[in-house]
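Have a look at the structure below, then the notes.
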Amino acid sequence: ALQRTMEGASVRPATGIGTVAFFLDIANAGTQLHVIRGEREYVMVSILGCGDAAAVSQAAEKLARAALGRL
């Protein structure tokens, strides 16, 4: 649903983090990393305006892992 509301957005899986995780890459803006772990834990890291998805995906994943490590 997120992908349909943002022109030029694409979804790709994020592996090795959470139960379900995916990147929502937003054209010419950056990315959002959505991570669901278990039934109640949800972390979303959004990095926009700092480069394209390829440039900021690694930082988003590091931030999500740090947040999940505190839960």
Side-chain angles (χ1 to χ4, degrees):
L2 289 170
Q3 182 180 1
R4 288 191 302 268
T5 62
M6 295 182 203
E7 186 176 330
S10 60
V11 173
R12 61 189 164 92
T15 58
I17 182 171
T19 307
V20 176
F22 64 91
F23 288 97
L24 176 67
D25 297 336
I26 303 166
N28 302 313
T31 194
Q32 293 181 334
L33 173 57
H34 298 260
V35 181
I36 300 167
R37 184 171 70 179
E39 293 184 22
R40 297 186 177 261
E41 296 174 346
Y42 172 76
V43 171
M44 190 269 293
V45 176
S46 182
I47 302 180
L48 304 172
C50 297
D52 65 2
V56 298
S57 293
Q58 187 176 12
E61 188 170 338
K62 284 182 181 181
L63 290 167
R65 288 184 186 282
L68 288 168
R70 294 179 176 263
L71 297 176

Over 60° means perpendicular and under 30° means parallel, so classify the ring planes of Phe22 and His34, tilted if in between. parallel
Would you mind reporting whether [Y] and [X] have side-chain heavy atoms less than 4.5 Å apart?
X	Y	result
Glu41	Ile36	no
Arg37	Leu68	yes
Ile47	Leu63	yes

Looking only at heavy atoms, which two atoms of [X] and [Y] are closest? And how far apart?
X	Y	result
Ala53	Gly30	CB-O, 3.8 Å
Gly8	Ala27	O-CB, 3.4 Å
Ala64	Val35	CB-CG2, 4.3 Å
Pro13	Phe23	O-CD1, 4.1 Å

Please check if the side chain of Thr31 supplies one atom and the backbone of Leu24 the other of a donor-acceptor pair under 3.5 Å. yes
Contacts of Arg65 meeting side-chain hydrogen bond (donor to acceptor under 3.5 Å, both in side chains) (sequence neighbours excluded), chain-then-number -> Glu61
Interatomic distance, CD1@Ile26 vs OG@Ser46, rounded to 0.5 Å, equals 6.0 Å
task: Evaluate the side chain to side chain contact (heavy atoms under 4.5 Å, CB included) criterion for residues Arg12 and Ser10: first the C-alpha distance (whole Å), next the side-chain angles of each, then the deciding distance (0.1 Å), finally the verdict.
output: CA-CA 7 Å; Arg12 61 189 164 92; Ser10 60; over 6 Å; no
